[in-house]
Amino acid sequence: MTRVLVPTGSVPPWMRALTANLAGVTQSVEDRGGMTARLLRSVMPATRPAAVLVLISGDWNGDPTHHGGVPADATVLLTQRASSLRNHGGQIAFPGGTRDPGDDFPLGTAMREAEEETGLDPSGVSQLALLDKFPVPPSGFEVSPVIAYWTELSEVGVVDTGETSRVVRVPLRDLIDPHNRIQVERMIAGTRAYQAPAFCVDGMLVWGFTGGLLAAIIEAAGWEIPWDKSDVRDLDEELAKVGQ
């Protein structure tokens, strides 16, 4: 269940519209997925509980001259999963993973996994809000996203090449930029089997669960700038362009 974890005064002003509209993130995801997303949420068993950390950094006060108040130095921490992994190999993802015995789930899981994957110093992270659980059918995960603010930046990088091939802080303004936004689709036997929003940033294609959640967060936070949703491209061709 969605909930804000801190008082409003502990949330950067430019992120308060997001923490005040957590239900809007869920609504955006479900509207995009339609009945399929709602059905999966109701019937998919929580056989593989997982958590991810949506870690956002940037000047506390924001930039009142920019759309949504997003500061120029705002970033989102993303990783690229090792291509050898069985589930979602090569994909761009938020730091995170499955629940371990003894975890304070989902908050503790998100922080532990982020530290293990990126070398992040958890003492510089303020967890702001917990989102609804989202089913990810291909792998059977049920993912609980934790939205956090990076109060004190620390060095991050690849810790285990067997799990992660890249760790990057992507500028939030690049994700919001309409020129970097497309939709991707996958056709099977002439029928569209998949269509969803994606981002072309820093030589990466951010799609799937990560791309959909980022799109929902940007929309719910009031950061979205109108973009061409009719620009629909073949998923496999776009992945080939960036070597994912």
Side-chain angles (χ1 to χ4, degrees), residues 1-6 10-11 15 18-19 22-23 25-26 29 37 40-42 44-57 75-82 84-170 206 208-214 216-217 220:
M1 178 177 292
T2 60
R3 69 178 190 271
V4 179
L5 305 171
V6 296
S10 298
V11 179
M15 293 183 67
L18 172 59
T19 55
L22 299 180
V25 178
T26 301
V29 171
L40 281 171
R41 182 186 297 280
S42 65
M44 182 176 171
T47 54
R48 305 188 69 188
V52 297
L53 189 70
V54 183
L55 183 55
I56 299 172
S57 68
T75 67
V76 177
L77 183 65
L78 296 176
T79 69
Q80 183 169 9
R81 293 171 59 80
S84 58
L85 291 175
R86 183 179 63 179
N87 291 314
H88 309 292
Q91 285 193 21
I92 308 304
F94 299 111
T98 56
R99 179 179 189 171
D100 275 359
D103 274 352
D104 173 21
F105 182 81
L107 304 180
T109 301
M111 287 302 306
R112 176 185 55 76
E113 286 282 347
E115 183 177 5
E116 291 177 358
E117 290 181 2
T118 72
L120 173 75
D121 181 354
S123 67
V125 174
S126 174
Q127 295 179 322
L128 303 181
L130 176 64
L131 291 172
D132 270 334
K133 295 177 287 187
F134 295 98
V136 183
S139 56
F141 288 119
E142 187 176 55
V143 181
S144 297
V146 179
I147 296 175
Y149 176 64
W150 214 341
T151 57
E152 187 172 346
L153 295 176
S154 57
E155 290 292 325
V156 292
V158 174
V159 175
D160 182 353
T161 56
E163 290 194 3
T164 307
S165 63
R166 186 180 184 191
V167 174
V168 60
R169 293 171 55 209
V170 178
V206 186
F209 170 75
T210 305
L213 185 56
L214 277 172
I217 287 172

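Values reported hereafter were calculated over all heavy atoms of this structure, with side chains retained and with hydrogens, waters and symmetry mates removed.
The nearest pair of heavy atoms linking Phe105 to Ala50 is CZ-O, 3.6 Å. Minimum heavy-atom separation, Val167 to Val158: CG2-N, 3.8 Å. The minimum heavy-atom distance linking Leu5 with Arg3 is given by the pair CD2-NE, 3.6 Å. Closest of all the heavy-atom pairs between Lys133 and Ser144 is CG-OG, 3.2 Å. Minimum heavy-atom separation, Thr79 to Pro95: CG2-CG, 4.1 Å. The minimum heavy-atom distance linking Ala148 with Leu53 is given by the pair CB-CD1, 3.8 Å.
Distance CG/Leu77 to CD/Glu117: 9.5 Å, rounded to 0.5 Å. Note: Ile147 CD1 to Leu131 CG = 4.0 Å, rounded to the nearest 0.5 Å. One finds the CG atom of Leu120 at 9.5 Å from the CG atom of Leu153 (value rounded to the nearest 0.5 Å). Taking CG from Leu78 and CD from Gln91, the interatomic distance works out to 12.5 Å, rounded to the nearest 0.5 Å. Taken from CD1 in Ile92 to OG1 in Thr210, the straight-line distance is 8.0 Å, to the nearest 0.5 Å. Summarising the geometry, atom OG1 belonging to Thr75 is positioned 8.5 Å from atom CD1 belonging to Ile56; distances are rounded to the nearest 0.5 Å.
A 4.5 Å side-chain heavy-atom check between Val76 and Phe94 finds at least one atom pair inside the cut-off. Two residues are said to be in side-chain contact when any heavy atoms from C-beta on lie closer than 4.5 Å; Val156 and Trp150 meet this criterion. You'll find the side chain of Ser126 reaches within 4.5 Å of the side chain of Leu128, heavy atoms only.
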Exercise for the section: Test side chain to side chain contact (heavy atoms under 4.5 Å, CB included) on Val159 and Thr164 and set out the steps. Expected result: CA-CA 7 Å; Val159 175; Thr164 307; over 6 Å; no
Exercise for the section: Might you work through the side chain to side chain contact (heavy atoms under 4.5 Å, CB included) test for Val25 and Leu213, ending with a clear yes or no? Expected result: CA-CA 8 Å; Val25 178; Leu213 185 56; 3.8 Å; yes
Handout entry: side chain to side chain contact (heavy atoms under 4.5 Å, CB included) between Val6 and Tyr149, worked out
Key = CA-CA 11 Å; Val6 296; Tyr149 176 64; over 6 Å; no
Handout entry: Intermediate values then yes/no, side chain to side chain contact (heavy atoms under 4.5 Å, CB included), Val4 and Leu22
Key = CA-CA 8 Å; Val4 179; Leu22 299 180; 3.9 Å; yes
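Each of Arg112, Gln127, Glu115 was checked for a side-chain contact (heavy atoms from CB on, under 4.5 Å) with Pro122, and the lone residue meeting it is Glu115. With respect to Val146, the side-chain contact (heavy atoms from CB on, under 4.5 Å) criterion is satisfied by exactly one of Leu107, Thr109, Val125: Leu107.
Between the side chain of Asp121 and the main chain of Ser123, a donor-acceptor pair closer than 3.5 Å is present.
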